[in-house]
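Inspection log for the structure reproduced underneath, given as structure tokens.
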Amino acid sequence: MVCWPVLKRIQVILRKEMVREFLAEFMSTYVMMVFGLGSVAQMVLGNNKFGSYLAVNLGFGFGVTMGVHVAGNISGAHMNAAVTFTSCALGRMPWKKFPVYVSGQFLGSFTAAATIYCLFLKAILHFSGGQLTVVGSTATAGIFATYLPNYMTLWWGFLNEVLLTGMLQLCLFAITDKENNPALQGTQALVIGVLIVIIGASLGMNTGYAINPSRDLPPRFFTFIAGWGKEVFRDNWWWVPVVAPFLGAYLGGIVYLLFIGIPQNPQRLENSVVCEDHRITVLPKSSLCMTSSCTPVSAAPANIATVAQPAPPLSGSMPLEHF
């Protein structure tokens, strides 16, 4: 029986910010990967009777949605080491949190792979005749990690992963950018899940759209120690889903910030409203003066240039809203 002081100490530790963020990334990644890997297992082991490629896209997409709901307000629910790297590289979070987030993601992904292995072990052995194989008609290693098809070369696969992860990061910035056209409050998780489904349904065939080191490397390592052996690192493909997403996410973030995310200055001369001495120098139709002491008058003729010094705020006045 655990004594009360020990429980209190555990509680204090769990309330620390870094610990909470680690656990949030662990749990959100675990949820995402259980649903995602489970959908792949049912497609492969059920001979397409209990799943399909579309079902895999839905499994990963809505798995991401559930992961965001699990931890979105604690760590942001990155669930992706490349997304965490980009956030740090672009100054959106401190580098000291990078190992905390990534270790939580890797552990959550590894644990999810172990969970799916335990749940589907009987089906895996039945499907493959008792052999844990990486290639061939009864291969089952692809349930856990991505493998390059025969028609793809290593570097074409690398470029695929860079592009897909770049699209992912670019759209994530757009979904969450309050200065642009973000997803409605409360719908971000669903929209991000739809984004994953779109990427998989339209661009995922060539490489299996890992687009996430935390999604691919930990389950691959699990299959290595679970009996599939060193064949899971065949063809040197294993490093591509680790390296390419970092490059792709960073480039995608840079492209969004350069082309779309430039801060806009809401203060424009033609839309400015100045309340002074009970008059407004310029009054566009869309402007609103919310101070009760302001009385609108006609604007000055267009050919008269006037320079007005900003007036001090009136006592008890409310701030003006810019449209």
Side-chain angles (χ1 to χ4, degrees), residues 2-37 60 63-116 165 168-169 172-173 175-178 182-183 185-186 188-189 191-193 195-196 210-222 225 241-243 245-250 252-254 256-257 261:
V2 181
C3 62
W4 179 248
V6 174
L7 291 176
K8 289 289 290 183
R9 181 177 292 273
I10 294 174
Q11 190 178 41
V12 170
I13 293 174
L14 293 179
R15 285 180 177 177
K16 292 182 178 180
E17 181 183 4
M18 287 288 196
V19 176
R20 293 190 71 214
E21 290 172 341
F22 170 85
L23 294 175
E25 287 299 307
F26 168 80
M27 288 302 304
S28 59
T29 307
Y30 177 82
V31 167
M32 172 191 72
M33 291 297 292
V34 163
F35 288 134
L37 296 181
F60 271 107
V64 168
T65 295
M66 293 300 105
V68 174
H69 279 296
V70 167
N73 203 37
I74 300 173
S75 66
H78 291 184
M79 299 176 283
N80 188 331
V83 172
T84 304
F85 170 81
T86 302
S87 297
C88 295
L90 297 180
R92 298 195 168 199
M93 62 180 288
W95 278 106
K96 67 180 182 179
K97 291 189 176 183
F98 180 77
V100 176
Y101 274 57
V102 173
S103 57
Q105 294 161 11
F106 274 38
L107 183 60
S109 184
F110 184 90
T111 307
T115 301
I116 294 302
T165 315
L168 170 68
Q169 184 65 72
L172 285 176
F173 274 1
I175 291 170
T176 58
D177 186 358
K178 294 181 180 179
Q185 185 66 30
Q188 296 93 335
V191 176
I192 293 172
L195 170 62
I196 302 301
I211 59 175
N212 182 355
S214 306
R215 175 262 178 272
D216 199 84
L217 185 60
R220 190 184 301 274
F221 184 71
F222 173 81
I225 64 176
V242 178
V243 176
F246 284 107
L247 177 61
Y250 183 71
I254 290 293
Y256 183 85
L257 293 178

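Positions are given from 1 along the sequence.
- For Phe221, the side chain to side chain contact (heavy atoms under 4.5 Å, CB included) partners at least two apart in sequence or on another chain are Phe110, Phe224, Ile225.
- Here the closest heavy-atom approach between residue Phe246 and residue Ala81 is recorded as CE2-O, 3.5 Å.
- The side-chain heavy atoms of Asn80 and Pro213, taken from C-beta on, include a pair separated by under 4.5 Å.
- Annotation for Ser214 and Met79: closest pair CB-O, 4.2 Å, computed over non-hydrogen atoms.
- The shortest distance between side-chain heavy atoms of Thr86 and Ile254 does not fall below 4.5 Å.
- Atom CG of Leu195 is separated from atom CD1 of Ile175 by 5.0 Å, given to the nearest 0.5 angstrom.
- Contact record, Gln169 with Ala249: CG-O, 3.2 Å, taken as the closest heavy-atom pair.
- Closest approach of Ser87 to His78, counting heavy atoms only: OG-CE1, 3.8 Å.
- Considering only heavy atoms from C-beta on, Leu168 comes within 4.5 Å of Ile196 through its side chain.
- Nearest heavy-atom pair, Phe22 versus Val100, reported as atom, atom and distance to 0.1 Å: CD1-O, 3.5 Å.
- Within the 4.5 Å cutoff, the side chain of Ile116 has no heavy atoms near those of the Phe222 side chain.
- Thr176 places a side-chain N or O within 3.5 Å of a backbone atom of Leu172 that can act as its donor or acceptor partner.
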Please tabulate, for the side chains in residues 28-37, all donor-acceptor contacts under 3.5 angstrom to protein atoms that are two or more places apart in sequence or on a different chain.
from  : atom 1 : to     : atom 2 : distance (Å)
Ser28 : OG     : Ala24  : O      : 2.8
Ser28 : OG     : Glu25  : O      : 3.3
Thr29 : OG1    : Glu25  : O      : 2.7
Tyr30 : OH     : Thr115 : OG1    : 3.0

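- Checking side-chain atoms of Gln188 against main-chain N and O of Gly186 turns up a donor-acceptor pair under 3.5 Å.
- The two residues Ala89 and Tyr250 make their nearest non-hydrogen contact at CB-CE1, 3.7 Å.
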TODO: Determine, stepwise, if the pair Glu17 / Lys97 fulfils side-chain contact (heavy atoms from CB on, under 4.5 Å).
DONE: CA-CA 10 Å; Glu17 181 183 4; Lys97 291 189 176 183; 3.1 Å; yes
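- Contact check for Phe26 versus Phe106: no side-chain heavy atoms found under the 4.5 Å cut-off.
- Applying the side-chain hydrogen bond (donor to acceptor under 3.5 Å, both in side chains) rule to Tyr256 yields the partners Asp177, Asn180; only residues at least two apart in sequence or on another chain are considered.
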